[in-house]
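Worksheet: the structure to be examined is printed underneath.
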Amino acid sequence: MNRLFALWGTTVGKKVAMAATGIVMILFLISHMISNVLIFRNPEHLDSYAALLRSLGPALWVARAGLLACVLIHIAAAWQLTMLARRARPITYAHHEYRVATYASRTMRWGGVLLFVFIVFHILHFTTGTLLPGWQDGRVGDNVKLGFQSVPVAIFYLVAMLFLGLHFSHGIWSAFQTLGLNHPSYNRSRRLLAWGLALAVAGGLATIPAAALLGYFK
Amino acid sequence: MKLNLKIWRQPGPAAAGAMQSYVANDVSEHMSFLEMLDVVNEELQTKGEEPIAFDHDCREGICGTCSLMINGTPHGPKRATTTCQLHMRSFSDGDTITIEPWRAKAFPVLRDLIVDRSPFDRIIASGGFISAPTGSAQDANAILVPKPDSDLAMDAAACIGCGACVAACPNSSAMLFTSAKVAHLGLLPQGQPERDQRVLSMVHQMDLEEFGGCTLFAECEDACPKEISVENIARLNRDLIRATVRDRGQVHVESGAG
Amino acid sequence: MNLDAKVPGGPLADKWDRHLADLRLVSPANKRKFHVIVVGSGLAGASAAASLAELGYQVSCFCFQDSPRRAHSIAAQGGINAAKNYQNDGDSTWRLFYDTIKGGDFRAREANVYRLAQVSANIIDQCVAQGVPFAREYGGMLANRSFGGAQVSRTFYARGQTGQQLLLGAYQALERMIGKGAVKMYSRHEMLELVLVNGRARGIVARDLVTGEMESFAGDAVVLATGGYGNAFFLSTNAKGCNVTAAYRAYKKGAGFANPCFTQIHPTCIPVSGDYQSKLTLMSESLRNDGRVWVPKAHGDSRGPRDVPESERDYYLERKYPSFGNLAPRDIASRAAKEACDDGRGVGPGGRGVYLDFSSSIERLGEQAIRERYGNLFEMYERITGENPYRVPMRIYPAVHYTMGGLWVDYNLMSNLPGLHVVGEANFSDHGANRLGASALMQGLADGYFILPYTIGDYLAGAKLEKVDATHAAFREAEQRASAQLNTFLSINGKRSVDSFHKELGHVMWNECGMARNREGLQRALKKIPEIRAEFWENVKVLGSAETLNQSLEKAGRVADFLEFGELMCQDALQREESCGGHFRTEYQTPDGEAMRNDHDFTHVAIWEYQDGAAPVRHQEPLDFEFVKLATRSYK
């Protein structure tokens, strides 16, 4: 354990923690995306999938706790690195130009905050139903249809998915770098993988609010 | 050509500074950027104003002394070029040029455009070496080094320690500098015995100096006058993880002194 | 003046080994009681400071740059010689020795040069162990190339950045000892005074260039590793900060200055482009391995280089020196370029340039091979001139590059002032009247790694040193003298900048004491320099204060010293009535324009002794050639 704390104590270690937790969250989101698009076959599929998860009992709670821990570690590391970066340049440049930094890399921090707000909303919206009048326990498919009847909510989901995609593309790309798993010959495929995964997951998830906006569920 | 200059002036480390405007007349396109500043300084002195202080020495792009944030980019607009080798043919008549010092908490301004880069020395002192006391070496050809490794090590060793990577990084991270040395020594067979210790000590020292962390903007690689690759940062990360995993508690982290 | 060179007797090959056996040792427990002050952190200074600290001495190291890694050794491009004979081409210690002493036109000490050749092999071993990434062959062995003036491949290199890599090796060794607390490093500190107590060098006064504070440092021995004085010419390939101040102020304290007129002009630099020019950029001599030097045969030929047909080109080095061709030694290649330009056949703006053409090598080996060998040099050339040397030939012209002269030292690298040791370019010892390519790095590291650490122990073990600390009156007095000079600069409040005086001096030095010298010119310079100096002290303008970082004030002190030292160089050049190596007196040449040595009268080192308020006195150290026969240098 000591060596893990020692690693966390370095700026590099915090990035390693972000990369590791990021990978867990990506894996979760891949499965989340695949299960969600089942709604296009039949809303009841979603309900039975939800029931399956619930039947896991305590294991589900372990998984949820694990995911929550990942989110918290990811955020804590990001927060600390952001504060370090702020302190590291007390006087900013009168004139500064980005030359190569991508839009994705430059929106990691604010995008990350937006995604956090989104996740909280999303849980209160669909998981607990706190923010969704008429929410019914276990009726996932109906809840989704109901939730996306509100146009602003659907748009918010779409915007969030856009940032999720950006966040993913830079996150996956740089996770390889942070874990030291790169090689110049694979740089191209790494780029492709990052963008491909980002597009698949964020795009896949975005199809549902998009479909709702286009009236698919009416 | 005629140029409008906006230059950071600061009389001393504790004094307040501000941007000031100057006009440079009769600038020849064959001048180097520093020669242009020499001419401005000559005029300032004639008028009884103190010349603009800036770091420079070899003026051939190798000593790493010159710095300058020129129009928001370290060492100016040309890639793979230090300020001393930047020539005025890269600018046009009537241009406004903003000239600022490197900005980082770890690099405090000493005067005008001069900053203190001693944190880099301390990072090297903490572990950026191979312990080979004078006289202890065996024959130079006794250990063979594959040419590709040697070439990669040389790519990393080309770092001139100018600090442009820190200046360019939105986090003011010194990872490109530190990783270049970790990679240079870690790629060579001679560097293996201290490889774990080296990376742990150097990263520790780098963090103590209050540089920010790397979040892979890759601005450093673009700003580096010697085109040091961010691939070295991945090497450092790999070495640090490896050293952490292999650590049995004997590795102790030292901070550089001086 | 005590000028005993203390060269040990016996056969040449055994001198150093026997001397090592005879040197007194300081016991390990006593080493930490001795404090050695090393001024300068280039190859010689950093390697000496690191090695001394490894042995257990307390070391303080000083440099005026912001970091020891910036010393100008870093700019050396081409390589470092070593008698390894890895290429099996017949190299040996003797051959490297002979090439060096012959290249120096028989004006260096045999024993010193032989020792240099002996330890050259150890240097390569040491540097490889430190992780210097020398060029390698595919089999993993070290690669070599041949370099200006040598007929064997004995030069080790790291792309075009050999000096950088060797310096970083020494710097890392130094930083390692700094990290251990064994060396205390003072960056941005400039030595302004050498302090003698009872005739021995016991410390220095240095100015903290950031705070302006004058500080005294006492020690048991002082090592000067402060480089050369090429900036006396204003324009040179030296870094802007390179200066003679430390060496010159030691000279004013009684250290002998040897052969100050021996300066080397490097043949392959980028020509001057205008009067704002602040320095000259060297293109590695290794370029001459694959580049051919030529000028048009016709006077005032204004055609572009590609329009001059082969038959109308004069490949003058190949023509005059068929066996060495484009690889003729530096002084010869430089002078030949000057002759071609003086003859009205120079190329480029102002006609002060010759072509260095790679087209036949590119045809023979392909552009890729040339790019691999010289890529970074070609890029540098293009950045500076805006021309692409893969397409059009480079234009080159000679520039001041290295100074063979320096403070006089004995075989132990100690000056005539007990306790004052001098290493690297700052001493005079190994290169005679001309230095061969890739030998400067070799000498700097030989002195610092493998000679001084032994010989300084002999001094410390043998000297009865009383306790002296920085409160001693001699330090107070030196501090006051140094401060007084700074205050004088600030109070003159004249009309001209320091740089303008430096340029004026440089102009005189280049014209009268440059590649070719003669009595009239030198006498003109000796009249002109005191006039410039007098005006300097009345009309220089230095703004600001001595209590802050003040770059003009730093320069003022350095230029004040150059204004005195330039005169000494001219004086030495005037008195040496012969042509040898880099010192070419137009009066002393053969009918076909080759240098004519005068071995009968000048086979000696000229050593100058400072006299307060009077002309300096010239002493001689005769050079005995026991083992080699003085030959006329011929590269035909």
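Just so you know, these numbers use all the heavy atoms, side chains as well, and skip hydrogens, waters and symmetry mates. Letters A, B, ... are given to chains in the order of the sequence lines, protein chains preceding strands, and every chain is numbered from 1.
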Original post:
Heavy-atom distance under 4.5 Å to chain B: side chain of C:R176, backbone, both or neither?
Top reply: both
Subject >> Contacting region of B:D57 [heavy-atom separation from chain C under 4.5 Å] >> reply: both
Subject >> Any donor-acceptor pair under 3.5 Å from C:R383 side chain to B:A80 backbone >> reply: yes
Original post:
Counting distance only, does the side-chain N/O of C:D125 pair as donor-acceptor with the main-chain N or O of B:A140 below 3.5 Å?
Top reply: yes
Subject >> Note: C:R136-B:D151 ion pair, threshold 4.0 Å (strictly below) >> reply: no
Subject >> Min side-chain heavy-atom separation C:E137-B:K147 under 4.5 Å >> reply: no
Subject >> Spacing of CG belonging to C:L174 relative to CG belonging to B:D121, to within rounding of 0.5 Å >> reply: 9.0 Å
Original post:
Taking B:S28, B:P11, B:P148 one by one, which has the highest count of heavy-atom pairs under 4.5 Å against chain C?
Top reply: B:S28
Original post:
Between the side chain of C:R70 and the main-chain N/O of B:I160, is any donor-acceptor distance below 3.5 Å?
Top reply: yes
Subject >> Approximate separation, where rounding is to 0.5 Å, of C:L543 CG and B:L44 CG >> reply: 9.5 Å
**OP:** Supply the atom-to-atom distance B:D38 CG to C:S497 OG, rounded to the nearest 0.5 angstrom.
**Re:** 10.0 Å
Subject >> Contact check, side chains of B:S118 and C:S67, non-hydrogen atoms, under 4.5 Å >> reply: no
Subject >> Top of B:A137, B:S136, B:P133 for chain C proximity - count of heavy-atom pairs under 4.5 angstrom >> reply: B:P133
**OP:** Tell me, for B:P51 versus chain C, whether the close heavy atoms (under 4.5 Å) come from the side chain, the backbone, both or neither.
**Re:** side chain
**OP:** Measure distances from B:R59 to the heavy atoms of chain C and classify the residue's part below 4.5 Å as side chain, backbone, both or neither.
**Re:** both
Original post:
Which atoms of B:A142 come close to chain C, meaning under 4.5 Å heavy atom to heavy atom: side chain ones, backbone ones, both, or neither?
Top reply: neither
Subject >> Part of C:Y171 lying under 4.5 Å from any heavy atom of chain B >> reply: side chain
Original post:
chain B heavy atoms under 4.5 Å from C:T385: which part of the residue, side chain, backbone, both or neither?
Top reply: backbone
Subject >> SB check B:D55 C:K240 (cutoff 4.0 Å) >> reply: no
Original post:
Does any donor atom in the side chain of C:Y86 or B:D139 lie under 3.5 Å from an acceptor atom in the other side chain?
Top reply: yes
Subject >> Side chain / backbone / both / neither for C:S51 at chain B, heavy atoms under 4.5 Å >> reply: both
Original post:
Got more than 12 heavy atoms from elsewhere within 6.0 Å of CG, B:N25?
Top reply: yes
Original post:
Which atoms of B:E42 come close to chain C, meaning under 4.5 Å heavy atom to heavy atom: side chain ones, backbone ones, both, or neither?
Top reply: side chain
Original post:
Closest heavy-atom contact between C:G131 and B:I130?
Top reply: CA-CD1, 3.7 Å
Original post:
So what's closer than 4.5 Å to chain B heavy atoms on C:K84: side chain, backbone, both or neither?
Top reply: side chain
Original post:
Looking only at heavy atoms, what is the nearest atom pair of C:K541 and B:T46, with distance?
Top reply: NZ-O, 3.6 Å
**OP:** Measure the CG-CD1 distance between B:L86 and C:I384 for me, rounded to the nearest 0.5 Å.
**Re:** 11.5 Å
**OP:** Tell me, out of B:A153, B:G61, B:A158, B:G12, who's got the most heavy-atom pairs with chain C below 4.5 Å.
**Re:** B:A158
Original post:
Does the side chain of C:H72 reach to within under 4.5 Å of the side chain of B:C63, using non-hydrogen atoms?
Top reply: no
Original post:
Which residue out of B:R89, B:E50, B:Q190, B:R111 racks up the most heavy-atom pairs below 4.5 Å with chain C?
Top reply: B:R89
Subject >> Any side-chain heavy-atom pair of C:E175 and B:R122 under 4.5 Å >> reply: no
Original post:
With the threshold set at 4.0 Å, does a side-chain nitrogen-carboxylate oxygen contact exist between B:E60 and C:K279?
Top reply: yes
Original post:
For the candidates C:M177, C:R188, C:Q65, C:M380, which exhibits the highest count of non-hydrogen atom pairs separated by less than 4.5 Å from chain B?
Top reply: C:R188
Original post:
Which bit of B:E29 comes within less than 4.5 Å of chain C, counting heavy atoms only: side chain, backbone, both or neither?
Top reply: neither
Original post:
Is the shortest distance from a Lys or Arg side-chain nitrogen in C:D66 or B:R117 to a carboxylate oxygen in the other one below 4.0 Å?
Top reply: yes
Subject >> Per-residue contact mode, C:Q277 against chain B (heavy atom under 4.5 angstrom) >> reply: both
**OP:** Find the one option among B:S131, B:S32, B:G191 whose heavy-atom pairs under 4.5 Å with chain C are most numerous.
**Re:** B:S131
Original post:
Contact part of C:R496 toward chain B, heavy-atom cut-off under 4.5 Å: side chain, backbone, both or neither?
Top reply: neither
Subject >> Among the listed options B:L188, B:L185, B:I114, the residue most often paired with chain C at heavy-atom distances under 4.5 Å >> reply: B:I114
**OP:** Could you look at B:D155 and say if it's the side chain, the backbone, both or neither that has a heavy atom under 4.5 Å from chain C?
**Re:** both
Original post:
Where is the tightest heavy-atom contact between C:L168 and B:A157, given as atom of each residue plus distance?
Top reply: CD1-O, 3.8 Å
Original post:
Does the B:N141 side chain pair with the main chain of C:L142, one donor and one acceptor, at a distance under 3.5 Å?
Top reply: yes
Original post:
By a 4.5 Å heavy-atom criterion (distance strictly below it), what part of B:V115 contacts chain C: side chain, backbone, both, or neither?
Top reply: backbone
Original post:
Are B:E35 and C:S278 linked by a side-chain donor-acceptor pair shorter than 3.5 Å?
Top reply: yes
Original post:
Would you find more than 12 non-hydrogen atoms of other residues, nucleotides or ligands less than 6.0 Å from B:K78 atom NZ?
Top reply: no
Original post:
Would you say C:Q551's side chain and B:F54's backbone share a donor-acceptor pair under 3.5 angstrom?
Top reply: yes
Subject >> Proximity breakdown for C:Q126 and chain B, heavy-atom pairs closer than 4.5 Å >> reply: both
Original post:
Checking B:H30 against chain C: side chain, backbone, both or neither under 4.5 Å from a heavy atom?
Top reply: both
